[in-house]
Protein chains: 2
Amino acid sequence: MQDMRLQHIIAVVKEKSYASVEKLAAQLNVSAMTIRRDLNLLCSQGRLERCYGGARLPSSIVRETAYSEKLQVHREQKLLIARKALSFIQSGDSLYLDSGTTVGALAQLLCESQLDVSVVTNELNIAQLLAQAGLSVTMVGGTVNQATGSVSGHASEQFLRQFRFSKAFLGASSIDYSFNTFSPNFDKAYLKRLAMELSAQCYLLADAGKFYSSAMCLITSLNQYAGVITDKEFSKAELKQLQEKSVNIIPAADASL
Amino acid sequence: MQDMRLQHIIAVVKEKSYASVEKLAAQLNVSAMTIRRDLNLLCSQGRLERCYGGARLPSSIVRETAYSEKLQVHREQKLLIARKALSFIQSGDSLYLDSGTTVGALAQLLCESQLDVSVVTNELNIAQLLAQAGLSVTMVGGTVNQATGSVSGHASEQFLRQFRFSKAFLGASSIDYSFNTFSPNFDKAYLKRLAMELSAQCYLLADAGKFYSSAMCLITSLNQYAGVITDKEFSKAELKQLQEKSVNIIPAADASL
DNA sequence: ACAATTTCGAACATAAATTATCAAAATTGG
DNA sequence: CCAATTTTGATAATTTATGTTCGAAATTGT
């Protein structure tokens, strides 16, 4: 039943570019609480944006999200994931940090930590952040992507092959029902695969919203990562499936705090 | 509901380039206090600028990065030099933009221009700026320098050799009495020389303050540049000397304005 | 420079929306 | 059909948004 509701909500928001909790609750004959849960779900999937009293279309278009602003979205989850990831890093590691806001959060924590590591990254913001903090950073060369400020392409691949890493921390734009990771961009997907080849261990950082959707380009399957660090809570059925595919899920929120 | 209000306010300000607290309060059926709170919020986000009794469009669309702040020092001179440099660029050029604030000013102007050029740069800020403006940008890979946010080193040299440029715009930290250019860093000096080798024409951008001091590492002599764009006013004796050494000085401030 | 006027922002009060929590209802899998 | 899980609804506690008042600060006119 809730599937219908979600569809309806999306439709309404798309048409009117805004919908209030109250009206949706009346239209759909459910309580406001249920609508809020739906909106929060859709928001976490990036399908719309939440605001006090309702929801509106995601304003992702062109809106100049400064990097630090962008980090604010789902900041708690991302930080939780990043904190967990940080616990896998030791002084002396040679790291590859992929592009993306969750990995960006990890970079921030890395700055504040006293860890002595060498970092290679393909994202301009991350390179800048870490360099300012005095860490040893190498920027991957290549074609700069307008939207994300990351580099990719043939030149990047060639450049990256000169390195080897003890650990890589990667993002992905989505994860489908068969537990494969995806990126919307072929060059980026390839670069991620390459980084995985060059790393002794690699970890996927994925917030709950990344699950169960897919993008154009396949990266790899979840069991290729040494660990998948996520804040998503899995049902028993899901956990069983994941175990069958020998995927190593590392919950972001637990013990270490 | 305040989300809608913010949208409306932005729209009004964009259209009329100014909106008063009073009128907005009347239009939107809320108290003046609420409008003030909204305006202050939008102002803190840099989406508009506050003024007594209302708000107006932000004066510069350029964002408040630490970078563009840095450009403020000697901003007029740098912009004058950059504007002159811009006049040498045509659509179709393949450019190398060196690191440094004066070249950074050129990058800003390049963003605002409608020129269709391909750019390779070794500075993170410049890469980001140009990419956001939708230009075709390639970032040079390599070790990131903590202070400047530029890359250099062996990996950068190797990377750069893959390219050829129609024009290069370079900075220098100082110029001595014998009209040689200098950099405080060996790797950077080498990278600049390399960029010059790979470019059909190269221009030095140097504000008046750069003259008559020296740094550790020699780059090259002034006559190796196709042109030296500067705001410095030379004496007749100096001009004679420069002419003897066949240095092509291009005054930043003149005619074209 | 001074006073009159307007605008501003802090503090409080109130209303609305949200979250957290728990129990009831619906759904699912055997 | 029953037990286990998930979804939903109701309530209280919390957070957020808005309006009002009033003294301080800015602007204007003289």
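As the structure is a prediction and not an experimental result, all values here were calculated from the model. The chains referred to below are lettered A, B, ... by the order of the sequence lines, with proteins before strands, and numbering in each begins at 1. Only heavy atoms go into these numbers, but all of them, side chains included; no hydrogens, no water, no symmetry mates.
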Peer 1: Nearest whole Å is fine: how far is C/dT6 P from B/Lys23 NZ?
Peer 2: 16 Å
Peer 1: Nearest whole Å is fine: how far is C/dA11 P from B/Met33 CE?
Peer 2: 11 Å
Peer 1: May I ask you to verify if any side-chain N or O of B/Arg36 is less than 4.0 angstrom from the OP1 or OP2 atom of C/dC8?
Peer 2: yes
Peer 1: Only one of A/Phe234, A/Tyr177, A/Phe182 passes ring pair (Phe, Tyr, Trp, His ring centres under 6.0 Å) with A/Phe211; say which it is.
Peer 2: A/Phe234
Peer 1: To check you understand the geometry: which heavy-atom pair defines the closest contact between A/Ala19 and A/Leu24, and what is its length?
Peer 2: CB-CD1, 3.8 Å
Peer 1: Donor-acceptor pair, A/Ser174 side chain versus A/Ala215 backbone, under 3.5 Å?
Peer 2: yes
Peer 1: Relative to the ring of A/Phe88, is the ring of A/Tyr203 parallel (under 30°), tilted (30 to 60°) or perpendicular (over 60°)?
Peer 2: tilted
Peer 1: Would you tell me if any nitrogen or oxygen in the side chain of B/Ser31 comes within less than 4.0 Å of OP1 or OP2 on D/dG19?
Peer 2: yes
Peer 1: Starting from the 5' end of DNA chain C, give me the residue, A/Arg37 or B/Tyr52, whose nearest nucleotide shows up first.
Peer 2: B/Tyr52
Peer 1: What's the closest nucleotide to the side chain of A/Thr34 if the choices are C/dG9, C/dA17, D/dT8?
Peer 2: D/dT8
Peer 1: What is the distance, to the nearest angstrom, from the CG atom on B/Leu41 to the P atom on D/dA17?
Peer 2: 9 Å
Peer 1: Output the rounded distance in Å from CG (B/Asp38) to P (D/dT16).
Peer 2: 16 Å
Peer 1: Is a side-chain N or O of A/Ser183 found less than 3.5 angstrom from the main chain of A/Ser173, in a donor-acceptor match?
Peer 2: no
Peer 1: From the options D/dT18, C/dC8, C/dA10, select the nucleotide whose nearest atom is closest to the side chain of B/Arg5.
Peer 2: D/dT18
Peer 1: Please give, in whole Å, the distance from D/dT8 C1' to A/Asn29 CG?
Peer 2: 13 Å
Peer 1: Within this structure, what is the CG-to-P distance between A/Leu239 and D/dT6, rounded to whole angstrom?
Peer 2: 10 Å
Peer 1: Taking the side chain of B/Asn40 as heavy atoms from C-beta outward, which of C/dC8, C/dG9, C/dT7 is closest to it?
Peer 2: C/dG9
Peer 1: Within this structure, what is the CZ-to-P distance between A/Arg50 and D/dT16, rounded to whole angstrom?
Peer 2: 13 Å
Peer 1: What bend angle does the helix from C/dA1-D/dT30 to C/dG30-D/dC1 show across its length, from five-pair end axes and to the nearest 10 degrees?
Peer 2: 50°
Peer 1: Rounded to whole angstroms, how far apart are CG on B/Leu24 and C1' on D/dG19?
Peer 2: 17 Å
Peer 1: My understanding is that only one of A/Val103, A/Leu97, A/Val140, A/Thr138 makes a side-chain contact (heavy atoms from CB on, under 4.5 Å) with A/Thr121; could you say which?
Peer 2: A/Leu97
Peer 1: Which pair of non-hydrogen atoms, one from A/Met216 and one from A/Pro184, has the smallest distance, and what is that distance?
Peer 2: CE-O, 4.2 Å
